[in-house]
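Working notes, structure below.
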Amino acid sequence: MNQNINILNNLNPKINLLDLNYAEMQDFIVSLGAKKFSAQQIMRWIYKHNCSDFDQMLNLKKTIRNELKKESYIFSPKFTEEQISNDGTIKWITSLGDQKIETVYIPDKKRSTICISSQVGCSLKCKFCATGEKGFNRNLKVSEIISQVWEANKILKQKKIEKSITNIVFMGMGEPLLNLKNVVSALKIILDKNGFNLSKHRVTLSTVGIAPAIDKLIDMVDIGLAISLHAPTDIIRNSIIPINKKYNISLFLNSVSRYLKKSKANRGGVTIEYVMLSGVNDSNKNAFELSNILKKVPSKINLIPWNPFLNSSFTCSDIERINIFANILRKKGFTTTIRKNRGQDINAACGQLTGNIIAHIKN
Ligand code: SAH
């Protein structure tokens, strides 16, 4: 059923309005003979009222509604599976034909965050990540990125979960900067006051370090940046993150510094993600090395206990080691937090997203 819808959509010459950011919506609506401001009305129906039915858009003239029906449609692939964790985290799967992507909802005291995917699978093959192990299928379209937020909003309303989405993180499947054009367009919809209307301080993109794309990004959109550094030296980083051989730590951090200089969204500096792998990157020496390479980069450090997945050879550092590591960094003046692992019982935690709803984990 779903596959058929997708095949139909690929052949459909009509435009899916969820693929258009505000500027593109204005161009489109003008091409139909309507006034520019109708773009605002349509965006509001879609994003404020979760409406996909042109007949309900009664503040638009009938002639325009008919034109819209002829030339466009509003289609969002539904979540097909759902798993709820003991801690309230929810993992949703979207089936895109025979491929699957994951979206994770993480409620917390003050915020409720949704973690979205930008690609089906991932091409980067970081050694400690389950998504990379599965390989890469394709980039997501703007509508497929945006649909994850749209559908989540709808389901949360249906479930009568009062807390609507306050934060969005691009930390699901895929490397967002390898799908730059579509990710930027989706970010524009997320930030637009006629779209999801989120503040740039509440939207974060995580990247493994595609240095030239970081330089392009700041000229396109300003959002919070998190970087998957995970190692203090090129020797260690090369051994766990293959793309480091192309964009090494110094190229990566230089592009991040340039981003920070131009960004207003990153007031407190960049968030450094550092996965704790026992015996690989977690010694005291590594903590000192890390503080050294970050001396000139305003940053806060988030240590991520490594989440296990089937057949992986890594082990997570124990909590004493993580605390000692964190304290060295704190003494060096870095705000350092240890990430809570949310949704681990349903494989919804970082690096566990493979598109499988039932997967066994080795503890
Ligand atoms: N490709 C982007 C977006 C993924 S975000 C990036 O690399 O930043 C997911 C975060 O979880 C990244 O920091 C990633 O390195 C980290 N991660 C991957 N596998 C993990 C695992 N098994 N346990 C904990 N963190 C993991």
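Counting starts at 1 for both ligands and their atoms, following the listed order. This one's a predicted model, so the numbers in the text were calculated from it and none came from an experiment. Side-chain atoms are counted along with the backbone in the values below, which use heavy atoms only and exclude waters and symmetry mates. We're numbering straight along the sequence, starting at 1.
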F252 to T207 - nearest heavy-atom pair and separation |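 Scanning both residues completely, I find the closest heavy atoms to be CZ-O, 3.8 Å.
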Side chain, backbone, both or neither: [X] near ligand 1, heavy atoms under 4.0 Å:
X: M171; value: both
X: T207; value: backbone
X: V208; value: both
X: V275; value: side chain

Return yes when H230 approaches ligand 1 closer than 4.0 angstrom through a heavy atom, no otherwise.
->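 It does, in that a heavy atom of H230 comes within the 4.0 Å cut-off of ligand 1.
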Look at ligand 1 and say whether G172 reaches it with a heavy atom at a distance under 4.0 Å.
->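 For ligand 1, residue contact (heavy atoms, under 4.0 Å) with G172 is present.
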Could you tell me how the ring of Y105 sits relative to the ring of W92: parallel (under 30°), tilted (30 to 60°) or perpendicular (over 60°)?
->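 Y105 vs W92 ring planes: tilted.
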Suppose I only count heavy atoms of [X] and a 4.0 Å limit; which atoms of ligand 1 are within that range?
X: S228; value: 6 (C), 7 (O), 8 (O), 12 (C), 13 (O), 15 (O)
X: C129; value: 18 (C), 19 (N)
X: I304; value: 24 (C), 25 (N)

Do you know which of K262, K261, R258 makes salt bridge (Lys or Arg N to Asp or Glu O under 4.0 Å) with D215?
->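 Considering K262, K261, R258, a salt bridge (Lys or Arg N to Asp or Glu O under 4.0 Å) with D215 is found only for R258.
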Out of E175, E273, M173, whose heavy atom is nearest to atom 10 (C) of ligand 1?
->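 It is E273 that holds the nearest heavy atom.
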Does R330 CZ have over 12 foreign heavy atoms under 6.0 Å away?
->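 Counting other residues, nucleotides and ligands, CZ of R330 exceeds 12 neighbours.
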Between F325 and Y274, is a ring-ring contact (aromatic ring centres under 6.0 Å, His included) present by the stated rule, with each step listed?
-> CA-CA 11 Å; F325 197 91; Y274 195 98; 5.2 Å; yes
Between F128 and ligand 1, does any nitrogen or oxygen pair lie at a separation below 3.5 Å?
->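 Between F128 and ligand 1, an N or O pair is found under 3.5 Å apart.
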Are any of the N/O atoms in G174 less than 3.5 Å from those in ligand 1?
->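 Right, the criterion is met.
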Distance in Å, F170 CZ paired with L177 CG, rounded so as to fall on 0.5 Å steps =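 Those atoms lie 10.5 Å apart.
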Does any non-hydrogen side-chain atom of I114 lie less than 4.5 Å from one of I106?
->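 Side-chain contact under 4.5 Å: no.
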Working for side chain to side chain contact (heavy atoms under 4.5 Å, CB included), residues E144 and K141 | CA-CA 5 Å; E144 292 165 336; K141 294 187 233 166; 3.7 Å; yes
